[in-house]
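A quick write-up on the structure given underneath.
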Amino acid sequence: MASGVVLGIESSCDETGAGLVQDGRLLGHALASSMDEHARFGGVVPEIAARAHVQAIQHVIRQALDEAGLAFTDIGAVAVTTGPGLSGALQVGVAAAKGLAYGLGVPLHGVHHLAGHVAADTLEHGALPDPCMVLIVSGGHTSLLLVRDLVREPIVHLGDTLDDAAGECFDKVARVFGLPYPGGPAIDRAARDGDPTAVSFPRPLTGPRDDPYAFSFSGLKTAAARWTERLRSNGKALPVADGAAALQEAVADVLTRKALIACEDHGVDTLVVVGGVAANSRVRALAEERCRTAGITLRVPPMRLCTDNGAMIAAVGDLLVRADSPPAPLDVSIDPSAPLEFAALRPTTGARAAV
Ligand code: KG4
Ligand code: ZN
């Protein structure tokens, strides 16, 4: 039984994740985070993240198996994030995945981290329709993608951010506001008591001559920093809740506006919003409101699957296995800046895993 269970391992940043998926069903997953260890530095310290992965990975994999009521011998394939991400952090997951795949004699699949974010939604809402529009909003990426068959067809990039990612904007502005790391959830919490119309922050790249699918958040970050400086230099207390609500409104407005234009231009009737920033309450609410008005079906993974986790990598692995995708060679290496073209890392050299 359970020869089709895929173990997914995620270690690209500060979360160590393991998940078990079979036929699109999530059987169990576990997560450890080194977030608290980075808090006093105001951002992820790569060396600390890598060391934390080493300490957590075995435990996390065992916990996922326990939750699913499975043993190592039930694992039929191993999928692992090979990029993009922090090199040292990625190495830990890839080394663990290789060891397990080799030891168990099962295929190994290298997975693109962002494809994992997309696949996370399938664990809750089933297979993705072909085609669908995907808005990926994470700490390092903000992209609009036209996705057909996630594991069989190339992923079409309609637009990316020209500078900061949406999550990065939240994280950096939170720091300026004196909110704790990670900034996104802190802004979201602070915004609950704020007035989104209290400050009129810009809506970058939304003019008639602008690229409709490109994003830019560094100007917004600067506007928030200037607003903060101006108030502080006048000796005034910073209305953090208003600043947070207005910033969140600007980010949510730009993201959802562009995503809906992309759906309309390409005649696509499903929008999937994924990545850490998809956990933002205003992004979720505004996407819902605008999709309803436009007659577009909105899919957003549940909160626990929005931020980095191992289940989403297992979900891609499961799709790859079911699509008969060739496994990665056991000498597969990490690719810290892998562009998102395919969900799987394509084996280009060497022998494939001999299993
Ligand atoms: O996808 P993710 O977990 O990791 C990356 O692959 O980057 O995304 C992390 C990002 C961080 O920038 C974090 O501040 C942001 O997602 N984030 C949020 C919220 N929860 C996480 N941003 C806004 N509101 C939230 N509730
Ligand atoms: Zn991520």
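Read the numbers this way: they start at 1 and go in the same order the structure lists the ligands and their atoms. These numbers come from the heavy atoms of this one structure, side chains and all, not from hydrogens, waters or symmetry mates.
Nearest non-hydrogen protein atom to atom 24 (N) of ligand 1 is Asn280 ND2, 3.0 Å. Shortest contact from atom 10 (C) of ligand 1 to any protein heavy atom: Gly139 N, 3.4 Å. Given atom 13 (C) of ligand 1, the protein heavy atom at minimum distance is Asp171 OD1, 3.8 Å. For atom 2 (P) of ligand 1, the nearest non-hydrogen atom of the protein is Asp308 OD1, 3.4 Å. The shortest contact between atom 18 (C) of ligand 1 and any protein heavy atom is with Gly184 CA, 3.5 Å. Among all non-hydrogen protein atoms, the one lying nearest atom 26 (N) of ligand 1 is Asp188 OD2, 2.9 Å.
Residue Val251 is not grouped with residue Leu286 when hydrophobic side chains (ILVMFWY) are merged at heavy-atom distances under 4.5 angstrom, including chains of intermediate members. Cluster membership check: Ile155 shares its hydrophobic cluster with Leu319, using side-chain heavy-atom separations under 4.5 Å among Ile, Leu, Val, Met, Phe, Trp and Tyr.
Ligand 1 lies less than 4.0 angstrom from a heavy atom belonging to Gly140. In this structure, His113 counts as a contact residue of ligand 1, since one of its heavy atoms falls inside 4.0 Å of the ligand.
Between His266 and Tyr213, the ring planes lie tilted relative to each other; the angle falls in the 30° to 60° range.
When Ser138, Cys306, Cys169, Gly85 are ranked by how near their heavy atoms come to atom 5 (C) of ligand 1, first place goes to Ser138.
When all heavy atoms are compared, the tightest approach of Gly276 to His117 is N-CE1, 4.4 Å. The shortest non-hydrogen separation linking Val137 to Ala166 is CG1-CB, 4.2 Å. Minimum heavy-atom separation, Ala190 to Leu179: CB-CD1, 4.2 Å. In terms of heavy-atom proximity, Asp160 sits nearest to Ser143 at OD1-OG, 2.6 Å.
Against a heavy-atom cut-off of under 4.0 Å, Gly167 is close to the following atoms of ligand 1: 12 (O). Of all the atoms in ligand 1, the ones that sit under 4.0 Å from a non-hydrogen atom of Thr307 are 3 (O). Close contacts between ligand 1 and Gly276 involve ligand atoms 1 (O), 2 (P), 8 (O), 16 (O), 17 (N), 18 (C), 19 (C), 20 (N), 21 (C) [criterion: under 4.0 Å to a heavy atom]. Less than 4.0 angstrom separates some heavy atom of Ala279 from each of these atoms of ligand 1: 20 (N), 26 (N). Near His117, meaning under 4.0 Å from any of its heavy atoms, are these atoms of ligand 1: 1 (O), 6 (O). Less than 4.0 angstrom separates some heavy atom of Phe170 from each of these atoms of ligand 1: 22 (N), 23 (C).
For the residue pair Ser216 and Asp163, a side-chain donor N or O sits within less than 3.5 Å of a side-chain acceptor on the partner. When only modelled atom types and interatomic distance are considered, His29 and Glu67 share no side-chain donor-acceptor pair under 3.5 Å.
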Go through the steps to decide whether Asp253 and Arg290 satisfy the test salt bridge (Lys or Arg N to Asp or Glu O under 4.0 Å), and finish with yes or no.
-> CA-CA 10 Å; Asp253 181 17; Arg290 290 185 170 169; 2.9 Å; yes
Start with the C-alpha gap between Asp318 and Arg322, add the side-chain angles, then the distance that decides, and say whether salt bridge (Lys or Arg N to Asp or Glu O under 4.0 Å) holds.
-> CA-CA 6 Å; Asp318 173 60; Arg322 286 194 278 150; 2.8 Å; yes
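In summary, His117 places an N/O/S atom under 2.8 Å from the Zn ion (ligand 2), meeting the contact criterion. Residue side and main chain included, His113 places an N/O/S atom under 2.8 Å of the Zn ion (ligand 2).
Residue Asp308 approaches the Zn ion (ligand 2) most closely through its N/O/S atom OD1.
Checking only distances, Pro182 never comes within under 3.5 Å of ligand 1, N or O to N or O.
Not a single donor-acceptor pair under 3.5 Å links the side chain of Lys98 to the backbone N or O of Leu108.
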